[in-house]
Structure formats: structure tokens, C-alpha cells
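First the proteins, then the strands, lettered A, B, ... as listed; each starts at 1.
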Protein chains: 2
Amino acid sequence: MNEFNEYFKSAFTVDNVIFGFDEGDLKVLLIKRGEEPYQGKWALPGYFVYPNEDLDMAAKRVLEQLTGLRNVFLEQVKTFGAVNRHPFGRVITVAYFSLIKISYYTIQPSSIARKAQWHSVSKVKDLAFDHDEILRACFHRLKWLVRTRPVGFELLPPKFTLTELQHLYEAILETKLDKRNFRKKILSMDLLVDLDETQEGVAHRPARLYQFDRKRYEELLLDGFSFELKESRRKEPPQSKRGKREIASSN
Amino acid sequence: MNEFNEYFKSAFTVDNVIFGFDEGDLKVLLIKRGEEPYQGKWALPGYFVYPNEDLDMAAKRVLEQLTGLRNVFLEQVKTFGAVNRHPFGRVITVAYFSLIKISYYTIQPSSIARKAQWHSVSKVKDLAFDHDEILRACFHRLKWLVRTRPVGFELLPPKFTLTELQHLYEAILETKLDKRNFRKKILSMDLLVDLDETQEGVAHRPARLYQFDRKRYEELLLDGFSFELKESRRKEPPQSKRGKREIASSN
DNA sequence: CGGGCTAGTGTACAACTGACACTAATCCTG
DNA sequence: CAGGATTAGTGTCAGTTGTACACTAGCCCG
């Protein structure tokens, strides 16, 4: 056993990429570092794993201290262990990502949490450590996840419109989707419950509100869920007014 | 910096799930442990990560010491860090998996390698440490991978028959596939080169030999590859001889 | 009450999927 | 050397799914 002692000199941490969705934009929760190294830079929330703690527990702890939330989607993504990624010594970090409803998030009294802020995923750059790379890896995983499991559940408020759901998919997949095809596909999964309510206080025709059907959701996880829709090829603002007219729908 | 010293007391290792394919069966390379803990048990090949080594480097080193192979498919899968998973102290392990052509594998002179042996994935159980769980996780990842990338390349010998390729897919996916549909699908990808050679020394009609087209393979990786075929529902040995007759193909 | 805005809706064509059975070619055996 | 054993190899049709595409409906606001 002594022959291995030289190896017991490293530390490991967890870092958590916390995704949320708001204002049609995919967001990630970052912390402004108050101390060295990388003081003043934005970083992913994370901490050392305690000696008596499993990895998943550590990730949950970090998430809860920051957001007050438990029982949310949380999954290990990848481990980063480049030799010099941390100036304090050999530290490898296990990256997790979680999906939360921003509307449920409340600022926690802990000192870390007071330095936290949501950032648009597409605009984030120049994070501390190798966190840019970690964020990219987690975003990539989220993109994959969205095809494999009905992800909206985790990120949207309990009641939402189909357009909101479509915007979420578009934000994650970084494409535009065709409205009619998207609706056809989503509704055919029998996953949404029509609440027979509509939006209020919007300056246009109000949209119907839906919620996810948790039971059906779990069925789909088992049966295999797969979401595939090509990017909409619709030309943006029609430059010619003279395209073939579509026959008006009559149903 | 001193405040963190208590965390720098752990070690980490890599474990490598090395898959091969032989005799119609998916295999994994295991080592019989010569020392405690778990002496005499089969285990995944792995070792401590050296202080000056990145994770991927460590995984490559383990693979090469064992098989003599470099430049093979090798990917990180998941990190396992349960508090008591290792009796020597806090050791977390980063699991990798690799795909190799068994025919290229040669027993290396190193002492570890002499204790290595191929095992059918479906029969493996009761491994040392948490290696059963690690193997399951890697097999699961391989199942996913096979839908996403033309995996045969990595596991089959350079020349192979369509039936061998089909058996490989069946072994990984743990299903039966329909012969005609499988062939149609694979050939339509334009990924295989017909070598205009046939098997020799088989006691039946010899099959044509194919090889992968590396260039087309790389195109597919970029363009997005997706393999989906339902399990064949063909009834095994036809119990009734009186099913509807299929019209004989006339082309 | 008209303009601005977003919601909401159907169809036709193309592409893909999946079910399904026999003949061809080789070796082996008696 | 004929017949049996064994695996290779091949096409079509029907049903489903994917995709392109444009207008009317309903609300608020000025």
C-alpha cells in the first residue's frame, strides 16, 4: 500500500453547468470569483468534493447551496484533468450539468450565491480555469439530450405556450424550426395537456397554455423518445411577393 | 492555499474497457488480479494517473502497455467516485472505452498483459471493485455509439463480409436484424468498398468481402450518421410451412 | 375600427421503413 | 458424383413519416 502513497496527493472538484431558459434565450448561471486564482473572472459554480462525499452528492450540494433547488435534473458529463488546469496543484474536476426552471430559482443567502448571475450561453466567453471548454462540453451534451428526451419539462415553467416550447428547442439546437411541423410532432407525442387557458395581458392573440404530462413523460423515457426536425428552410422575409400561393386551409 | 490542503489526499486512476469482436461475439479484455485487493478476481485494466500526465494520456498508456496498439478509438465515458469504492483510500476512477480489432492484438511482454484474457461481454460478472458497473456504463455507451457513428470500422478486420458486419451490429444492439433491410441500409450509405473477392475455405457459398471507405467514413462523421433498424420480427424456425409465399425476386 | 402582432391550422409529395421467401453457390458425405 | 447441408444474396409493395409551404383568427392599442 505504501508504494502508492505518491499518488494520493491530488484533489478533485465538481463544477456544475446550470442551464435555465428565459426570454427566449438559453442561460447559464455563473459566479464572479472573489479570490485568486482568476479573481474577478466569471466561473462555473463548483467546489472540492468532501472526503466523505460521493461525486453526485457533491454536485447536488453545490447546486442546492446556490439555487436552493433539489430533485432537479443533474447528470455527470465529463471529467477534466489536464495537468496544469489548476494553479494550486493537481486538481481534476468532474463536470455536471443541470436543468432548472429559472422562475423557481431564488437567490440564496450564501456568500457564493450573491455573486451569481445568469448569462446567455451564446455570449459567454473567457471564463476562469478551463471552464469555457467545460461549458462547451455540457452544451454539446444538452444538444444531444434534447433529441433523446423531452427536455422542456425541466426548463420551462409549469404552464407554457407551444411557441415558448419551440423557442426553447430552437435555442438549444441553434436552428429555426418550422412552426406547423413542430406543433404536429410535439402534439402527436401525446405529451402535453391542453389546459384550456390562454395567456393574459399580451398585445396579440393570446396563446393556449399547456403543461407536460409527467406520466406520459416517463413512458417516453422508457420507450425511447426521439426528436428530429430539420431546420426550417423558410425564407425569412419573403423578398418576392409573387411566390406560388398556398391554398388557404379550409379545416 | 493552505486552507485547501486537506483536499489534496486523494488519488485517481483510469480504467479501460477494451472491446473487441470475434466469433460473432462482443468481447472485453480483462486482467486477472495478482495482488490484493480482490486478488484472483477479474478486473478492467487500469492504473493510477501519473502526476505529470493528462487523463487521456494515462488511458492511452494503459491501452498500449496491454495491447501494443496506438491510434485506436478511445473515449472517456464516465467517472466513478463512490467514497468506499477502493480499500486503499479515496480513489476515483475515470472510465474509458476503446474499440480494437482483435486480430491486431498481440500479447505484450509486460507482466500485466500476460494475465489478460478476452471474455464475452454478455457473460462477464463479479468483477473486482465497481468494475461491473463501469463495464455496464461503457457497454451502454457503445450501444449508443453504434447508432451515431459507423462503428464496424474499429472492430472488424480490414476485410469482412456483410454477414459479419450484421452480426457485429446484432451483438452490440442485442437484437436480431432483418438481413435484406440491413444490407439495403448499409450499402445505401456508400461506405463500403466491394473488394471483388470472396471468402475461401467455407463449407457453403462464399461471401463477398468488403472494406470500409475511410474517406466516406469521415464525411459521415461530419454530416451526421444515424443508424436505426428495428429488431427483425421474423419468426425463427417457421413452425407452419403454409405462410403466404413470397413472390420470387426476378431481378 | 384599423394596424400590429402572434396564434393556429392542412395537405400533398417525397422519402424512408419494414415485412417478407426464395434461388445461388459452395463444400461435404455416402 | 449426386444430393444434402449451409450460408449468400436479392426486390417489392404498403404504410408511415418528413417536409415544404400561406393564409385566417383573435387580441390589444391608439
Side-chain angles (χ1 to χ4, degrees), chain A residues 24 147 160-167 170 175-189 192 194-210 226-251, chain B residues 24 147 160-167 170 175-189 192 194-210 226-251:
Chain A
R147 290 161 210 266
F160 53 87
T161 69
L162 289 178
T163 303
E164 280 164 0
L165 185 60
Q166 181 177 344
H167 287 339
E170 290 176 341
T175 61
K176 291 276 167 214
L177 299 171
D178 180 272
K179 185 165 42 154
R180 288 190 277 197
N181 293 340
F182 179 82
R183 283 161 184 247
K184 206 191 317 173
K185 176 126 198 171
I186 287 287
L187 292 173
S188 74
M189 290 175 188
L192 301 184
D194 184 338
L195 290 172
D196 256 313
E197 296 175 52
T198 51
Q199 283 180 312
E200 282 170 28
V202 289
H204 55 79
R205 174 173 174 180
R208 300 184 78 81
L209 294 172
Y210 291 83
S226 149
F227 182 88
E228 290 294 346
L229 264 188
K230 278 221 181 105
E231 184 165 1
S232 168
R233 287 191 230 151
R234 201 76 165 266
K235 326 112 187 162
E236 313 295 288
Q239 299 186 330
S240 143
K241 302 257 180 208
R242 236 165 314 136
K244 288 177 215 153
R245 288 297 167 86
E246 181 186 15
I247 297 146
S249 306
S250 57
N251 248 358
Chain B
R147 291 160 207 266
F160 53 87
T161 69
L162 289 178
T163 303
E164 281 164 1
L165 185 60
Q166 182 178 342
H167 287 336
E170 290 176 341
T175 60
K176 291 276 167 215
L177 299 171
D178 180 271
K179 188 167 37 153
R180 287 191 276 198
N181 292 340
F182 179 81
R183 284 162 184 249
K184 206 190 321 174
K185 176 126 200 170
I186 288 288
L187 292 173
S188 75
M189 288 175 188
L192 301 184
D194 184 339
L195 290 172
D196 255 313
E197 294 175 54
T198 53
Q199 283 180 310
E200 282 171 27
V202 290
H204 55 79
R205 171 171 178 180
R208 300 183 78 81
L209 293 172
Y210 291 83
S226 149
F227 181 89
E228 291 292 345
L229 264 187
K230 278 220 179 109
E231 183 165 2
S232 167
R233 289 189 228 153
R234 202 78 165 266
K235 325 109 189 166
E236 312 294 286
Q239 298 186 329
S240 142
K241 303 255 181 212
R242 236 163 315 136
K244 287 176 216 151
R245 288 295 166 86
E246 182 184 14
I247 296 145
S249 305
S250 55
N251 249 0

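Atom CG of A:Leu229 and atom OG1 of A:Thr175 lie 8.5 Å apart (nearest 0.5 Å). In this structure, NZ in B:Lys179 is found 14.0 Å from NZ in B:Lys184, a value given to the nearest 0.5 Å.
Rounded to a whole Å, the CZ atom of A:Phe182 is 12 Å from the P atom of C:dA7. Rounded to whole Å, the distance from CD on A:Glu164 to P on C:dT6 is 13 Å. Whole-Å rounding puts the B:Gln166 CD to D:dG9 P distance at 11 Å. At whole-Å resolution of the value, NZ in B:Lys230 and P in D:dT16 are 11 Å apart. Rounded to whole Å, the distance from CZ on A:Phe160 to P on C:dT6 is 20 Å.
Residue-to-nucleotide proximity on DNA chain D shows that, of A:Lys185 and A:Arg205, the 5′-proximal contact is made by A:Lys185. Comparing B:Leu229 and A:Arg183 along DNA chain C, the residue whose closest nucleotide (by nearest heavy atom) sits nearer the 5' end is A:Arg183.
Nearest nucleotide to the side chain of A:Arg180, out of D:dC27, C:dG18, D:dC21: D:dC21. Of the candidates C:dG8, D:dG9, C:dT9, the closest approach to any side-chain atom of A:Arg208 belongs to C:dG8. Taking every side-chain heavy atom of B:His204 into account, C:dT26 is the closest of C:dT26, D:dT10, D:dA20.
Considering every non-hydrogen atom in both A:Pro206 and A:Gln199, the closest pair reads CB-O, 3.3 Å.
In this structure, A:Thr163 does not reach the C:dT6 phosphate: none of its side-chain N or O atoms is under 4.0 Å from OP1 or OP2.
Counting distance only, with no hydrogens placed and no angle test, the side-chain atoms of B:Lys184 and the base atoms of D:dT10 include no donor-acceptor pair under 3.5 Å. In the interface, the side chain of A:Lys179 is paired with the base of C:dG8 through a donor and an acceptor atom under 3.5 Å apart.
Here the options are A:Val202, A:Thr198, A:Leu209, the test is side chain to side chain contact (heavy atoms under 4.5 Å, CB included), and the partner is A:Thr161; only A:Leu209 passes.
A heavy atom closer than 4.0 Å to some atom of DNA chain D occurs in A:Val202, A:Ala203, these being the qualifying members of residues 196-203 of chain A.
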